[in-house]
Colleague: 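Have a look at this one.
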2 protein chains.
Amino acid sequence: MARVRISDVAAAAGVSTSTVSLVLNDRPGSRISEETRARVREAAAAVGYTPNSIARGLRMQRTRTLGLISDVIATTPFAGRMLAGAQDAAREHGHLIFLVNTDADPEVERDAIRALVDQQVDAMIYASMWHRVVETPDGLPERSVFLDCRPASGGHPAVVPDDLAGGRAAVRELVAAGHRRIAFADAEKVNPPVASGLRYQAYLEVLAEAGITPDPAWHIRGVDSTAASGRAATERFLDLPGDRRPTAIFCFNDRMAAGAYVAARHRGLEIPADLSVVGYDDQQLVAGELDPPLTTIALPHYEMGRWATEVALGAREPPASDQPYLMPCPIIRRDSVSSPPAAAANSSRRRA
Amino acid sequence: MARVRISDVAAAAGVSTSTVSLVLNDRPGSRISEETRARVREAAAAVGYTPNSIARGLRMQRTRTLGLISDVIATTPFAGRMLAGAQDAAREHGHLIFLVNTDADPEVERDAIRALVDQQVDAMIYASMWHRVVETPDGLPERSVFLDCRPASGGHPAVVPDDLAGGRAAVRELVAAGHRRIAFADAEKVNPPVASGLRYQAYLEVLAEAGITPDPAWHIRGVDSTAASGRAATERFLDLPGDRRPTAIFCFNDRMAAGAYVAARHRGLEIPADLSVVGYDDQQLVAGELDPPLTTIALPHYEMGRWATEVALGAREPPASDQPYLMPCPIIRRDSVSSPPAAAANSSRRRA
DNA sequence: AGGATTCGATCAATCGATTTAGCAGGCTCA
DNA sequence: TGAGCCTGCTAAATCGATTGATCGAATCCT
């Protein structure tokens, strides 16, 4: 039951191991007769030979192996899509992926990087579960790509979601439906504020381009970004006097949108008839199974995973600028947006 | 910038590579003076030496590497916990994990197994995203463990959730709250019916032990196991005449329970006052963010991932019986269960 | 004093592949 | 006919570690 080695093939074909290697790897420029080639290939197939990747890795100094190191990515529902993208790209290029989860523990991270470097991975992908700025960890090899995070000091290719464009799409969807009083249920403040900051910026931009003066009461930060926070923010929005009360809410993410649903329902408000809602993330189990299904902006995790892997493998050129590549976030239209209630539309028009 | 090799350490310490290896690996029985040991260790630290795992793997025939092969696990929200368990166990034992996702494609699976075997993984974990029976794939090495699935023909250790005990706990929770008319919103039929079959069996057992004769109308299978199916089933339950209408529903999973919530709400029913609901899976983003939070049975993914990895690494003995190890599923009590409405309790008592 | 031990460290083989230099034999051509 | 050139294949070095065999010097024992 021992593994078949190249020498077994050589013996079976009556040639040297050199010949077997030359033939099986189809090395151009090697002068082996067609007859011998056939014999070697038959022998290899007969004994069921597959090369030992470890031995080959040692000799070639290339392991066809990738390290994917992440904070808590693998334990979040997004992670799957990111990993799937990375996996698919890796498989297409004949690579295998080492997955390591550090749980954001710096010591675990350090050990993991070292272990992966010792494994001679051809490249490394440093992934985050949410779009943020990270310090480049020590020991990260030259061939590293940042996934869903931007290295504070640059120097490595990186890919992040285009939160600015995505945020614009979300708010424009509401403006296009006729809303004028649009709130933003924002997440907690983090530093530096990447996703949140960009989505807020997008919110302000689109309001400005629609000629709407934002009411400061329309922007509330949660203590976190859970449904509870979304609910709390929405309750405060709905407490606003009639002519300032939003007819639509852009939520930092789908979970907060789920909270907005709860708050609306508790007031007897129908979505979207009485209140339109747009989320962000397209978190399947939240957005898709809400009632009514939530219109949201998808985070392109699969595409980012793929991009990072292809760049890591040298199959795709990163942008020359040293700026992160911005992956588009498509809007997913479901049933949580409609035109504002007539009364609100009137009152808004009155105000304008 | 080239990697530091053992020979660099040897040169720096003025000894042979053998000595370095002996010292750094602390091989018992090797006779190296304490003075030389110190010199070697200093030299190693000074030049920043870490052994090349590939070279060591080739020589030792042990790579401290594990293959984790799964169908669609990495793209489901459970996956994270399973991976986290596997990761943690692997890290504790100094191992790295190759993660491969086959998307249930047999060809991809075959290639993946071969690639992992070629990488000389020390052991393999074959994981499924849901508890089911699988054929043992060709080429799987001796040292393989099945995770969240049972091999049809045995021969390998396996770990699955104890769906029978979990199902009993769920239904007993409802019985203990005083319910007598308890429905089971089941998933679609699959063959062989593992999770669904066991949970249904548990349902029947607990009803029997409570002296309740199950009404056949209380068991409905969905076309799948989504919220839509849960909603459809619940609507049919609620259409039952008053004295046969369930006061509590055990749902195959949390998504179906989310559907039950929607159906109840559309009838103006309060949960849990008018209808108690228990789910299964403890899918965080569903169960935890429903309103009211859902009482459910947790699937022990983390623990199973850990168990499988520890067995794969030989750090834990699998059961001698060749039967899958049954991992307990704890009940997570939240707010979706209360005693039945007074009227229903009366009518039920009348029937009894 | 001289053979046997012990001590401390090294030599060289090994893991399983890839790759370069080179060897033997046949052919060409002046 | 013999130098030069192909053709077809192989020997041996190499990647970077581990490890059983071995070796010189010091020590022990009678």
Side-chain angles (χ1 to χ4, degrees), chain A residues 2-41 43-44 47-65 94 114-115 117-122, chain B residues 2-41 43-44 47-65 94 114-115 117-122:
Chain A
R3 270 189 70 93
V4 176
R5 292 162 318 220
I6 194 171
S7 59
D8 299 320
V9 179
V15 296
S16 72
T17 60
S18 320
T19 304
V20 175
S21 175
L22 260 14
V23 170
L24 295 185
N25 292 308
D26 245 335
R27 290 226 86 215
S30 59
R31 297 166 313 192
I32 312 283
S33 70
E34 202 41 64
E35 189 194 348
T36 306
R37 285 177 189 277
R39 199 146 38 85
V40 167
R41 279 194 262 262
V47 299
Y49 171 70
T50 56
N52 179 318
S53 304
I54 297 295
R56 174 182 273 178
L58 177 59
R59 177 63 228 248
M60 309 245 278
Q61 303 290 81
R62 272 192 78 226
T63 53
R64 304 186 78 77
T65 266
R114 186 161 51 206
V117 169
D118 289 346
Q119 284 288 347
Q120 306 261 81
V121 294
D122 292 341
Chain B
R3 269 189 71 91
V4 176
R5 290 161 320 214
I6 195 171
S7 58
D8 298 321
V9 179
V15 296
S16 71
T17 61
S18 320
T19 304
V20 176
S21 175
L22 261 14
V23 170
L24 295 185
N25 292 308
D26 243 336
R27 286 225 91 215
S30 59
R31 297 168 312 191
I32 311 285
S33 70
E34 202 42 62
E35 188 195 348
T36 305
R37 285 177 188 279
R39 199 145 39 84
V40 167
R41 279 194 262 263
V47 299
Y49 170 70
T50 56
N52 180 319
S53 303
I54 297 295
R56 173 183 273 178
L58 176 60
R59 177 63 230 249
M60 309 247 276
Q61 303 290 82
R62 272 193 77 226
T63 53
R64 304 185 79 76
T65 266
R114 186 161 50 207
V117 168
D118 290 346
Q119 284 287 348
Q120 305 263 80
V121 293
D122 292 340

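Here is the naming used below: chain letters follow the sequence lines, and residue numbers restart at 1 for every chain. Atoms considered below: every heavy atom in the structure, side chains included; atoms not considered: hydrogens, waters and symmetry mates. Values in this document were obtained by computation on a predicted structure and should not be read as measured data.
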Colleague: With a 3.5 Å distance limit and no angle check, can you tell me whether A:Arg37 reaches the backbone of A:Asp26 through a side-chain donor-acceptor pair?
Modeller: no
Colleague: Could you work out how much the helix from C:dA1-D:dT30 to C:dA30-D:dT1 bends, comparing the axis of its first five pairs with that of its last five, to 10°?
Modeller: 70°
Colleague: With the sugar-phosphate defined as primed atoms, P, OP1 and OP2, and the base as all remaining atoms, what B/S/- string results for nucleotides 4-12 of chain C, 5' to 3', for protein heavy atoms under 4.0 Å?
Modeller: ---BBBBBB
Colleague: Verify, without hydrogens or angle tests, whether A:Arg64 (side chain) and A:Gly57 (backbone) share a donor-acceptor contact under 3.5 angstrom.
Modeller: no
Colleague: Rounded to whole angstrom units, what separation is found between the CD1 atom of B:Ile54 and the P atom of D:dA17?
Modeller: 11 Å
Colleague: Reckon B:Tyr49 has a side-chain N or O less than 4.0 Å from the OP1 or OP2 of D:dA17?
Modeller: yes
Colleague: Out of curiosity, A:Asn52 CG to B:Gln120 CD, how far, rounded to the nearest 0.5 Å?
Modeller: 4.0 Å
Colleague: Quiz question: going by heavy-atom distance under 3.5 Å, is there a donor-acceptor pair between the base of C:dT14 and the side chain of B:Arg59?
Modeller: yes
Colleague: Any idea which of D:dC15, C:dT19, D:dA17 is nearest the A:Met60 side chain?
Modeller: C:dT19
Colleague: Quick one about B:Ser18 and B:Ser21 (side-chain donor to acceptor, distance below 3.5 Å, no hydrogens or angles considered), yes or no?
Modeller: no
Colleague: Taking atom C1' of C:dT14 as reference, at what distance in whole Å does atom CZ of B:Arg56 sit?
Modeller: 16 Å
Colleague: Find the distance A:Asp8:CG to C:dG16:C1' and express it as a whole number of Å.
Modeller: 11 Å
Colleague: Let me know the distance between CD1 of A:Ile6 and P of C:dT19, rounded to the nearest Å.
Modeller: 11 Å
Colleague: For A:Leu58 and C:dT19, give me the distance from atom CG to atom C1', rounded to whole Å.
Modeller: 14 Å
Colleague: Grab the CD-P distance between A:Gln119 and D:dA17 for me, whole Å please.
Modeller: 13 Å
Colleague: Would you give the length of the straight line joining atom CG of A:Leu24 to atom OG1 of A:Thr19, rounded to the nearest 0.5 angstrom?
Modeller: 10.5 Å
Colleague: Return the set of residues passing side chain to side chain contact (heavy atoms under 4.5 Å, CB included) with B:Ser33 (not counting sequence neighbours), or none when no residue passes.
Modeller: B:Glu35, B:Thr36
Colleague: If I take atom CG from residue A:Leu58 and atom CG from residue B:Leu58, how far apart are they, to the nearest 0.5 angstrom?
Modeller: 5.5 Å
Colleague: Counting distance only, does the side-chain N/O of B:Arg39 pair as donor-acceptor with the main-chain N or O of B:Ala13 below 3.5 Å?
Modeller: yes
Colleague: Think A:Asn52 has a side-chain N or O under 4.0 angstrom from the OP1 or OP2 of C:dC15?
Modeller: no
Colleague: Working to the nearest 0.5 angstrom, can you tell me the gap between A:Ile6 CD1 and A:Thr17 OG1?
Modeller: 5.5 Å
Colleague: B:Gln120 has an atom CD; how far is it from atom P of C:dA17, in whole Å?
Modeller: 9 Å
Colleague: OP1 or OP2 of C:dG16 less than 4.0 angstrom from a side-chain nitrogen or oxygen of B:Gln61, does that happen here?
Modeller: yes
Colleague: Send over the distance from A:Asn25 CG to C:dT18 C1', rounded to a whole Å.
Modeller: 8 Å
